[in-house]
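All values below come from the heavy atoms of this structure, side chains included, with hydrogens, waters and symmetry mates left out. The residues of the chain are indexed from 1 along the displayed sequence. Note that ligands are numbered from 1 as they come in the structure, with each ligand's atoms numbered from 1 the same way.
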Amino acid sequence: MKKVLVLNGPNLNLLGQREPAQYGTDTLATVETLCKEAGERLGVEVECRQSNHEGVLIDWIHEAGREMAAGNMLGVVMNPGAFTHTSIALHDAIKGASVTLIELHISNVHARESFRHHSYISPVARGIIVGLGVKGYALAIDALVQVSQAT
Ligand code: CA2
């Protein structure tokens with residue numbers, strides 16, 4: 001069974017604890033359950049990881065690149081959190097590792113502060129899901145399976 005890696009970036013471990021108007025009341029644990037259930041429906045193995053550290057996320061992207069090259073992984077669903085708007089290093093990692101990646105945001109970043117309107121990740125993402133709440137994670141896994149079957 002092929003794998004999908006779901007990566008969550010900085011502060012997403014706080015999901016459900018603050019800012020419910022922006023991010024809802026589901027916790028990260030609930031999101032990870034939702035992702036695994038989507039994987040079961042779609043016939044893929046889902047692994048979920050979260051880190052507050054840019055370098056750790058970069059190492060995981062590199063690992064995903066190796067797993068994809070070995071034919072074990074379809075790709076990555078990533079909510080890069082605030083690194084979306086700052087990280088050229090993550091952009092370079094996704095591009096350099098040739099990872100198929102769906103960028104995901106719980107909130108509609110385009111309806112928020114202007115500093116959230118630019119993403120360093122979008123140019124190297126296969127697709128983007130924005131503003132559909134935590135249900136977006138399941139949609140992103142579905143999308144990754146579909147684009148992987150198409151190519
Ligand atoms: O909408 C999203 O998913 C974001 O990626 C979330 C990031 C934000 O910086 C992006 O602009 C959009 C923030 C994640 C922090 O999540 C928290 C959740 C609860 C309480 C505090 C932070």
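- Between the side chains of E54 and S87, at least one donor-acceptor pair of N or O atoms lies under 3.5 Å.
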Contact table ligand 1 N or O to protein N or O, d under 3.5 Å:
unit_1   : atom_1 : unit_2 : atom_2 : d
ligand 1 : 1 (O)  : I106   : N      : 3.3
ligand 1 : 1 (O)  : S107   : N      : 2.9
ligand 1 : 1 (O)  : S107   : OG     : 2.6
ligand 1 : 3 (O)  : N79    : ND2    : 2.8
ligand 1 : 3 (O)  : I106   : N      : 2.7
ligand 1 : 5 (O)  : N79    : OD1    : 2.8
ligand 1 : 5 (O)  : H105   : ND1    : 2.9
ligand 1 : 9 (O)  : A82    : N      : 3.4
ligand 1 : 9 (O)  : R116   : NH1    : 3.0
ligand 1 : 11 (O) : H85    : NE2    : 2.7
ligand 1 : 11 (O) : R116   : NH1    : 2.9

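- Listed by first and then second residue, the salt bridge (charged side-chain N to carboxylate O under 4.0 Å, His left out) pairs involving residues 8-20 amount to none (not counting sequence neighbours).
- Listed by chain and number, the residues in a ring pair (Phe, Tyr, Trp, His ring centres under 6.0 Å) with F83 amount to none (sequence neighbours excluded).
- Within the 4.5 Å cutoff, the side chain of I61 has heavy atoms near those of the L101 side chain.
- Grouped by direct or indirect side-chain proximity (heavy atoms under 4.5 Å, Ile/Leu/Val/Met/Phe/Trp/Tyr only), I88 sits with Y120.
- No donor-acceptor pair closer than 3.5 Å links the side chain of H117 to the backbone N or O of A111.
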